[in-house]
Number of protein chains: 2
Amino acid sequence: MDIREIERFLKFNQIKPSHHRLKIYEYLVKNKNHPTADLIYRELVDEIPTLSKTTVYNTLNLFVEKGAAQLITIDESENRYDADMSIHGHFKCKHCGKVYDFPLNFAAIDMGGLQNFQVEENHIYLKGLCNDCQIQKEN
Amino acid sequence: MDIREIERFLKFNQIKPSHHRLKIYEYLVKNKNHPTADLIYRELVDEIPTLSKTTVYNTLNLFVEKGAAQLITIDESENRYDADMSIHGHFKCKHCGKVYDFPLNFAAIDMGGLQNFQVEENHIYLKGLCNDCQIQKEN
DNA sequence: TCATAAAAATGTAATCATTACAAATTAATA
DNA sequence: TATTAATTTGTAATGATTACATTTTTATGA
Ligand SMILES: [Mn+2]
Ligand SMILES: [Mn+2]
Ligand SMILES: [Zn+2]
Ligand SMILES: [Zn+2]
């Protein structure tokens with residue numbers, strides 16, 4: 001996804017593609033690391049010295065509001081963001097802190113107890129030890 | 001679950017059953033409302049005038065640490081707690097704010113992308129409109 | 001029972017992520 | 001260019017949670 005596609009994508013989602021918005025969205029797309037607002041700020045401020053943290057927060061809130069990104073609340077006290085709007089699950093390693101994606105067959109989730117409930121969002125969060133960290137502990 | 005059972009349960013989980021701890025755990029068991037620390041405090045402070053909010057926080061953290069309750073981070077900026085440690089999902093209504101339980105066939109979740117990952121916790125959160133609120137909107 | 005130590009609870013201050021808000025800057029429009 | 005709207009900025013406020021020192025309660029044992 002190059003900068004032109006990002007511009008089109010933001011416009012498509014009713015978001016005026018200002019320079020900062022383009023850069024923040026580009027960061028989300030290129031680094032699929034589910035970053036916090038603070039991390040995005042720290043990563044971009046060298047390249048964009050005038051960037052303010054408030055703008056990062058404002059922009060991320062706008063993305064979520066317009067459906068261009070999703071908010072991941074996998075852990076208390078840290079909001080993370082993801083430009084991948086497809087249905088997928090997240091796994092956070094308790095040891096290294098990395099957040100992994102995994103495919104999800106949402107239809108398999110049987111919501112027997114929720115007849116007539118209208119589902120608008122789904123958040124599937126797992127926690128534990130990732131493959132790499134398990135190997136480390138064994139040695 | 002009467003107070004005697006609660007006492008036994010806390011002891012079983014390596015938690016000394018002080019009066020406050022018993023009352024807070026009893027609140028979780030009797031009101032399956034996934035409350036915040038603040039709500040628990042407000043609900044109990046009349047009955048226990050000496051209760052402090054710090055004690056509620058300390059106690060809930062202890063419960064989670066010892067595996068007697070689980071922390072539900074279904075929404076940013078509010079930690080909710082649940083004494084039900086069985087595997088089940090949560091649905092939060094965006095209109096009325098109520099958090100519903102629903103049964104969950106966890107085995108149905110295919111984690112194809114997570115070979116050799118060791119899962120220790122699972123959090124399944126859905127959001128949308130509950131049955132009651134949909135009916136209201138239709139009228 | 002009384003002394004002593006350990007555990008639990010309290011109250012206040014600190015922390016920290018996020019938001020509110022007013023001012024400044026930039027972009028769009030005519 | 002003049003005018004208006006949108007965006008961005010910097011700082012202050014908010015609010016949930018935690019840190020910490022003090023007080024209270026409970027347990028232990030001479
Ligand atoms: Mn993701
Ligand atoms: Mn529950
Ligand atoms: Zn890991
Ligand atoms: Zn509802």
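Residue numbering restarts at 1 for every chain, and letters A, B, ... go by the order of the sequence lines.
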Any side-chain N or O of A:T54 below 4.0 angstrom from OP1/OP2 of C:dA20? no

How far does SG of B:C130 sit from CZ of B:F91, to the nearest 0.5 angstrom? 7.0 Å

Under 4.0 Å: is that the gap between some side-chain N or O of A:N61 and OP1 or OP2 of C:dT19? yes

Do the side chain of A:T73 and the main chain of B:E76 share a donor and acceptor less than 3.5 angstrom apart? no

Between D:dT9 and A:H20, is there an OP1 or OP2 to side-chain N/O distance shorter than 4.0 Å? yes

Do the charged groups of B:D38 and B:K53 touch, with an N to O distance under 4.0 Å? yes

Within the structure, does a side-chain N or O atom of B:Y57 lie under 4.0 Å from either OP1 or OP2 of D:dT17? yes

Flag for A:S86-A:D84: side-chain donor and acceptor within less than 3.5 Å: yes

Please report, rounded to the nearest Å, how far the P atom of D:dA16 is from the CD1 atom of B:I40. 14 Å

B:S18 vs C:dA9: side-chain N/O to OP1/OP2 distance below 4.0 Å: yes

Close approaches to DNA chain D from residues 63-84 of chain B, in residue order (heavy atom, under 4.0 Å): B:S77, B:N79

Check whether any side-chain heavy atom of B:Y100 lies under 4.5 Å from a side-chain heavy atom of A:F117, and answer yes or no. yes

Output the distance between atom CD1 (A:I24) and atom CD1 (A:I48), rounded to the nearest 0.5 Å. 7.0 Å

